[in-house]
Asker: 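This structure is in structure tokens; I'll ask about it shortly.
Bear in mind that the values here come from a model prediction, so they are computed numbers and not experimental data. Counting starts at 1 for both ligands and their atoms, following the listed order. As a basis for the values below, the full set of heavy atoms in this structure was taken, side chains included, without hydrogen atoms, waters or symmetry mates.
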Amino acid sequence: MNIVVCIKQVPNTNEVKLDPVTGTLIREGVPSIINPDDKAGLEAALRLKDSIGAHVTVLSMGPAQADAALREALAMGADEAILVSDRAFGGADTWATSTTIAAAIKNLDYDLIITGRQAIDGDTAQVGPQISEHLGIPNISYAEDIQVEGDSVIVKRQYEDRYHTVKAKMPCLITALSEMNKPRYMTPGGIFDAYREKEVKVWGLKDITVDQANIGLKGSPTRVFQTFTKSLKAAGTVVQLDPEESANYMIEKLKEKFII
Ligand SMILES: Cc1cc2nc3c(=O)[nH]c(=O)nc-3n(C[C@H](O)[C@H](O)[C@H](O)COP(=O)(O)OP(=O)(O)OC[C@H]3O[C@@H](n4cnc5c(N)ncnc54)[C@H](O)[C@@H]3O)c2cc1C
């Protein structure tokens, strides 16, 4: 069984702070990590590899530094790593990103494709379902558990107030939630192998078959017109009242703002 896991290298947004004077984001020194949903997807693929046997390929589209994310995935136990990287792919919105990734996946054998539900930087949750559309395969999103039975996957899919158990024939694309599992650590031997023995293949424009009208900035139907930081919230008020008065005070404040 062949599993392709799409991983995106993202800035660790938990560590991005606001400059209190300028109100802008402080990005310096913010470490890059594998997007959390993607790491859970990778762990799910590695557990399938452990239990029923699978060849796990990790694929990332991004600049040269995304190599580190792919080597981390190799050190966790992935078998093969592909970096889809070319100036022509830069400035892509979700349409151009998913077109490029789907074109790269067409070069591979796959039964199952796993992406994260959402990347913590772009936050759109569009790329996974778009890849499945490009490839013409079913998509099950919001996965909290993935089992394989014969030629099908059985997925526990999260909704706001319930779960559904969904079965689909492979090939199929699943988008994973970080709640699904606790990803394993890299092993020391795995790290050595990832840097000394294993290769991260780099595929550029010449290595994939794709309509150039649908890639990169030029092939992106959407453009970011402006980005800005949200204004800082005003300081709160501290009141010293007895418990009953405090409760009434809070209720009045919530009513004033039409929250209740
Ligand atoms: C309007 C708009 C304009 C943009 N313009 C630019 C731009 O000019 N320059 C720029 O750099 N970015 C730009 N972006 C960001 C870029 O589109 C996104 O980073 C990219 O499309 C992925 O979308 P996302 O982060 O929302 O991922 P999501 O859709 O939230 O990701 C879902 C899953 O898809 C997979 N995935 C997503 N991206 C990748 C990847 N690169 N490699 C492997 N797997 C992946 C992961 O498994 C991820 O968990 C733009 C985004 C928008 C919405």
Asker: Hey, can you pull the donor-acceptor pairs under 3.5 Å for the side chains in residues 249-260, sequence neighbours left out?
Answerer:
none

Asker: Any nitrogen or oxygen of T222, side chain or backbone, less than 3.5 Å from one on ligand 1?
Answerer: no

Asker: Under a 4.0 Å threshold between the charged nitrogen and the carboxylate oxygen, would D121 count as salt-bridged to K8?
Answerer: yes

Asker: Has R117 got any heavy atom lying under 4.0 angstrom from an atom of ligand 1?
Answerer: yes

Asker: Give me the residue, atom name and distance of the protein heavy atom closest to atom 27 (O) of ligand 1.
Answerer: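 Closest protein heavy atom to atom 27 (O) of ligand 1: A119 CB, 3.5 Å.
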
Asker: Just need the protein heavy atom nearest to atom 22 (C) of ligand 1, so name the residue and atom and give the distance.
Answerer: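 Among all protein heavy atoms, the one nearest atom 22 (C) of ligand 1 is V127 CG2, 3.5 Å.
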
Asker: Going by distance only, is there an N or O of L59 that falls short of 3.5 Å from an N or O of ligand 1?
Answerer: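 Min N/O separation from ligand 1 is not below 3.5 Å for L59.
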
Asker: Check I131 against ligand 1 and report side chain, backbone, both or neither, counting heavy atoms closer than 4.0 Å.
Answerer: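 Looking at I131 and ligand 1, no heavy atom falls under 4.0 Å.
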
Asker: Can you confirm whether L112 sits close enough to V153 that some side-chain heavy atom of one is under 4.5 Å from a side-chain heavy atom of the other?
Answerer: yes

Asker: Any N or O on T115 sitting closer than 3.5 Å to an N or O of ligand 1?
Answerer: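 The answer is no, given that T115 and ligand 1 share no N or O pair closer than 3.5 Å.
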
Asker: If the cut-off is 4.0 Å to any non-hydrogen atom of Q126, which atoms of ligand 1 fall inside it?
Answerer: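 By the 4.0 Å cutoff, the relevant atoms are 29 (O).
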
Asker: Between E43 and K182, is the closest basic N to carboxylate O distance under 4.0 Å?
Answerer: no

Asker: Look only at interatomic distance and state if I101 has a nitrogen or oxygen under 3.5 Å from any nitrogen or oxygen of ligand 1.
Answerer: no

Asker: Salt bridge check: are D37 and R117 linked by an N-O gap of less than 4.0 Å?
Answerer: yes

Asker: Do any nitrogen or oxygen atoms of D37 lie less than 3.5 angstrom from nitrogen or oxygen atoms of ligand 1?
Answerer: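 Between D37 and ligand 1, no N or O pair is found under 3.5 Å apart.
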
Asker: Check this for me - ligand 1, V224, N or O atoms closer than 3.5 angstrom, yes or no?
Answerer: no

Asker: Does R223 qualify as a cation-pi partner of F225, given the criterion of NZ or CZ under 6.0 Å from the six-membered ring centre and within 45 degrees of its axis?
Answerer: no

Asker: Run the numbers for me: atoms of ligand 1, each under 4.0 Å from some heavy atom of N35, listed by number.
Answerer: 49 (O)

Asker: According to side-chain contact (heavy atoms from CB on, under 4.5 Å), who are the partners of S85, at least two apart in sequence or on a separate chain?
Answerer: L83, V202

Asker: Please confirm whether G62 comes within less than 3.5 Å of ligand 1 when only nitrogen or oxygen atoms on both sides are compared.
Answerer: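 No.
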
Asker: Hey, which of I140, N139, I113 is the one that makes side chain to side chain contact (heavy atoms under 4.5 Å, CB included) with S132?
Answerer: N139

